[in-house]
Each structure stands twice: as structure tokens, then as C-alpha cells.
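Okay, structure first, notes after.
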Amino acid sequence: MNRKKAKVLIIIPAYNESENIKQVIDRLTESRAVGETACDYLIVNDGSTDDTLKICEEQHFQYLNLPINLGIGGAVQAGYVYAHKCGYDIAVQMDGDGQHDIAYLEDMLQPLLSDEADVVIGSRFLKKEGFQSSFARRTGSKILSLLIRMTTGKKVLDVTSGYRAVNSRFIDVYSGDYPTDFPEPEAIVTAVMYGGRVKEVPVRMKAREGGKSSITFRKSIYYMVKVTLAILVCRLSYGFRRDKVKERGSLGK
């Protein structure tokens, strides 16, 4: 794929990110990497109850407003539907809390542009630099990494990373088949089941700049149970899900 001609969309799901969203977009639009790659961006405001929508309106940001909270999976999928309808070649997921560094965008895009991968994951665990998350979350990530390897044969270290990039094939897949709630590990299984080439590239992440994470201790326990079951169901139901995406395509998407 010709790098200069690649049409790239950065999807930024945001729920109650009024303390962070302006800084995220300012860095993105000022970044030399974005200018060189001619990226567009889309904030998906996921029914925020704070001033996130107001800031998007006042700053004239590019945004899609969801009238109710769908959760991270629904917000990201809305971005993929937009990317699919608008004919983007590559879609990049980037959180709205300031943890993902736009300086690594070029590294994320390169495996897609050179046709070495279909799905690229920005991994904080390859070089173990930058913010590494809490001990409990790292432990949970290791358990899910092992489960994904057992069910798919694919080794992925940073299974919960929300910093990802996909090519047009997986824009199509994810616009019609994307998990809800805590989607990142299950989305890896979906990618492998559809025959996608998944590649990790090293990135440095930052701690959340402001606000609170929506994942509490209680939700963390629920997360592990739900995602474990979801991965198993995803693996078992692959044939049905693949046929549904094909059916959607035959109906004009």
C-alpha cells in the first residue's frame, strides 16, 4: 500500500473524558506523524455525562455523538462502521485518556502498509518501557494471554492494549463483528479466527492524565470471568459469526 495515499482514520472512544480529550486532540493534530500520513480522526462520544460533548462542540472537533452509553465495544464498533462507510484503508484505535502516544503511530502503521499484518497491537510489554499498569492488571493480562494462546495458538503479550491498527479487511470485519464490554482480548480471538495476521509492536504508554478509570476492583473480577467465557464462546461460535459477516456483505453492508 502506498503510504502517502493510504486513507487513515484514528478512532477515539471517549466516555467522560472532559479532563483529557482536548490535550489528546491537540497532540494528535500537532503531531508531525499525523501531518505526514494525512490521518483523519473521529471522537466517538459514548453518551458522556460530563462536558466531553460540550468540549467537542466548542473546539469544533470531528466527533460522533452516541445518545446513550454503549460501552467501549459499542463505541469502537461505531467508529469502525464510520470507517467502513467512508472507505478508509486503515483504522487506528486510540484511547481518549491520554495514555496512548501519537509518536508511535508510524510504527503502528508500518506493518499494515507493508502488508506484514492485518491487525497491529501497540504492546507495552515487549520492551517493558513506560507505564506498565498495576500488578493485578498485569497478572490478569498474563492469564488472558495464556488463554488466547491455548484457544488460538497465537501468542500475544499485551492482550488488553487498546492501541491498535487494522487494515481495510478488518475494518469490514469489526464493523459487523466486534465484542462488547471489555473487547480487547476477544477482538484478538476474532482476528485470528478470521485468519488475520496479528502483530505486536513495542510502544510506551503513559498513566491516565486525568479523571478515573471506569474499571473498579469489582469490575476487574467481572472482567476476568466475562472475558474468559467470551473468548471460549468466540472460539466455538466462529463459523456462525463468519457467515453472518458474509451475509451482511452480500446485502450491501
Side-chain angles (χ1 to χ4, degrees), residues 1 3 6 8 10-13 17 20 23-24 26-28 30-37 39 41 72 76 90-167 170 174 182-192 196-210 213 215 220 223-224 227 231:
M1 186 186 301
R3 178 183 180 283
V8 181
I10 299 177
I11 301 168
I12 307 171
E17 294 292 358
N20 303 310
Q23 294 93 317
V24 170
D26 285 347
R27 289 172 187 160
L28 191 155
E30 292 169 3
S31 168
R32 184 179 177 188
V34 173
E36 289 179 351
T37 317
C39 294
Y41 72 86
I72 182 66
V76 170
I90 294 174
V92 181
Q93 297 173 220
M94 178 179 290
D95 288 352
D97 59 9
Q99 288 188 299
H100 299 157
D101 192 341
I102 192 65
Y104 290 94
L105 178 63
E106 190 67 24
D107 294 337
M108 299 283 292
L109 295 179
Q110 191 53 48
L112 302 175
L113 295 168
S114 59
D115 196 28
E116 298 173 13
D118 302 297
V119 177
V120 176
I121 299 172
S123 175
R124 74 202 105 176
F125 300 146
L126 285 176
K127 291 186 176 181
K128 297 183 178 180
E129 297 177 340
F131 179 64
Q132 296 289 292
S133 189
S134 66
F135 173 77
R137 290 190 184 184
R138 291 198 307 272
T139 301
S141 183
K142 288 179 180 179
I143 294 171
L144 293 175
S145 176
L146 177 61
L147 179 61
I148 289 173
R149 189 171 186 179
M150 290 173 61
T151 54
T152 69
K154 179 64 180 178
K155 181 180 179 180
V156 178
L157 294 178
D158 200 348
V159 296
T160 62
S161 170
Y163 198 2
R164 302 186 177 192
V166 308
N167 60 15
F170 276 87
Y174 284 156
F182 308 102
E184 291 88 359
E186 191 181 345
I188 295 172
V189 178
T190 299
V192 176
R197 298 165 296 168
V198 179
K199 180 181 177 64
E200 288 184 278
V201 297
V203 300
R204 292 172 63 101
M205 293 189 187
K206 307 172 184 177
R208 167 180 277 274
E209 295 187 334
S213 171
I215 302 178
S220 295
Y223 174 96
M224 287 300 299
V227 173
I231 287 173

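In this text, all values refer to a predicted model and were calculated from it rather than measured experimentally. Computed from heavy atoms alone, side chains included, the values below leave out hydrogens, waters and symmetry copies.
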Exercise. Is there side-chain contact between Thr160 and Val227, with heavy atoms separated by less than 4.5 Å?
Worked result: no
Problem set entry | Closest approach of Pro183 to Ile72 (non-hydrogen atoms, all atoms of both residues) | CD-CG2, 3.3 Å
Exercise. Does a side chain donor of either Glu17 or Asn20 reach within less than 3.5 Å of an acceptor in the other side chain?
Worked result: yes
Problem set entry | Check against side-chain contact (heavy atoms from CB on, under 4.5 Å), Phe125 and Ser141 | CA-CA 10 Å; Phe125 300 146; Ser141 183; 3.7 Å; yes
Exercise. When rounded to the nearest 0.5 angstrom, what is the spacing between CD in Glu116 and CD in Gln110?
Worked result: 7.0 Å
For this session: Taking the side chain as every heavy atom from C-beta outward, state whether Ser123 and Val201 have any atom pair closer than 4.5 Å.
Result: no
Exercise. Donor-acceptor pair, Asn167 side chain versus Phe170 backbone, under 3.5 Å?
Worked result: yes
For this session: Of all the heavy-atom pairs spanning Ser161 and Gly122, show the shortest one and how long it is.
Result: OG-O, 2.6 Å
For this session: Among residues two or more places apart or on two chains, list those pairs meeting salt bridge (charged side-chain N to carboxylate O under 4.0 Å, His left out) that have a residue in residues 152-161.
Result: Arg124-Asp158
Problem set entry | Test item: Tyr174 side-chain N/O and Val76 main-chain N/O as donor-acceptor pair under 3.5 Å | no
Problem set entry | Separation between CD1 of Ile10 and SG of Cys39, rounded to the nearest 0.5 Å | 4.5 Å
For this session: State, to 0.1 Å, how close Pro13 and Met94 come at their nearest heavy-atom pair, and which atoms those are.
Result: CD-O, 3.5 Å
Exercise. For Asp107, what residues pass the side chain to side chain donor-acceptor pair (under 3.5 Å) criterion, not counting sequence neighbours?
Worked result: none
Problem set entry | Inter-residue atom distance Arg197.CZ - Leu112.CG, 0.5 Å rounding | 9.0 Å
For this session: Check the pair Tyr163, Met205 against side-chain contact (heavy atoms from CB on, under 4.5 Å), reporting the backbone distance first and the verdict last.
Result: CA-CA 9 Å; Tyr163 198 2; Met205 293 189 187; 4.1 Å; yes
Problem set entry | Residue pair Ala117 / Lys199: nearest heavy atoms and the distance that separates them | CB-CB, 3.8 Å
Problem set entry | side-chain contact (heavy atoms from CB on, under 4.5 Å) between Val92 and Arg164, intermediate numbers included | CA-CA 6 Å; Val92 181; Arg164 302 186 177 192; over 6 Å; no
Exercise. Quick one: does Val166's side chain get under 4.5 Å of Val120's, heavy atoms only?
Worked result: no
For this session: Under the side chain to side chain donor-acceptor pair (under 3.5 Å) rule, collect the residues that match up with Ser145, sequence neighbours excluded.
Result: none
Problem set entry | Sidechain-backbone polar pair: Glu200 side chain, Leu157 backbone, donor-acceptor under 3.5 Å | yes
Problem set entry | Separation of Ile148 CD1 from Ile231 CD1 (nearest 0.5 Å) | 4.5 Å
Exercise. Does Asp95 reach the main-chain N or O of Asp97 with its side chain, forming a donor-acceptor pair under 3.5 Å?
Worked result: no
Problem set entry | Test log, rule side-chain contact (heavy atoms from CB on, under 4.5 Å), inputs Ile188 and Glu184 | CA-CA 7 Å; Ile188 295 172; Glu184 291 88 359; 5.9 Å; no
Problem set entry | Rounded distance (nearest 0.5 Å) linking atom OG1 of Thr139 with atom CD1 of Ile143 | 6.5 Å
Exercise. Hey, what do you get for CE (Met108) to CD1 (Ile102), rounding to the nearest 0.5 Å?
Worked result: 9.5 Å
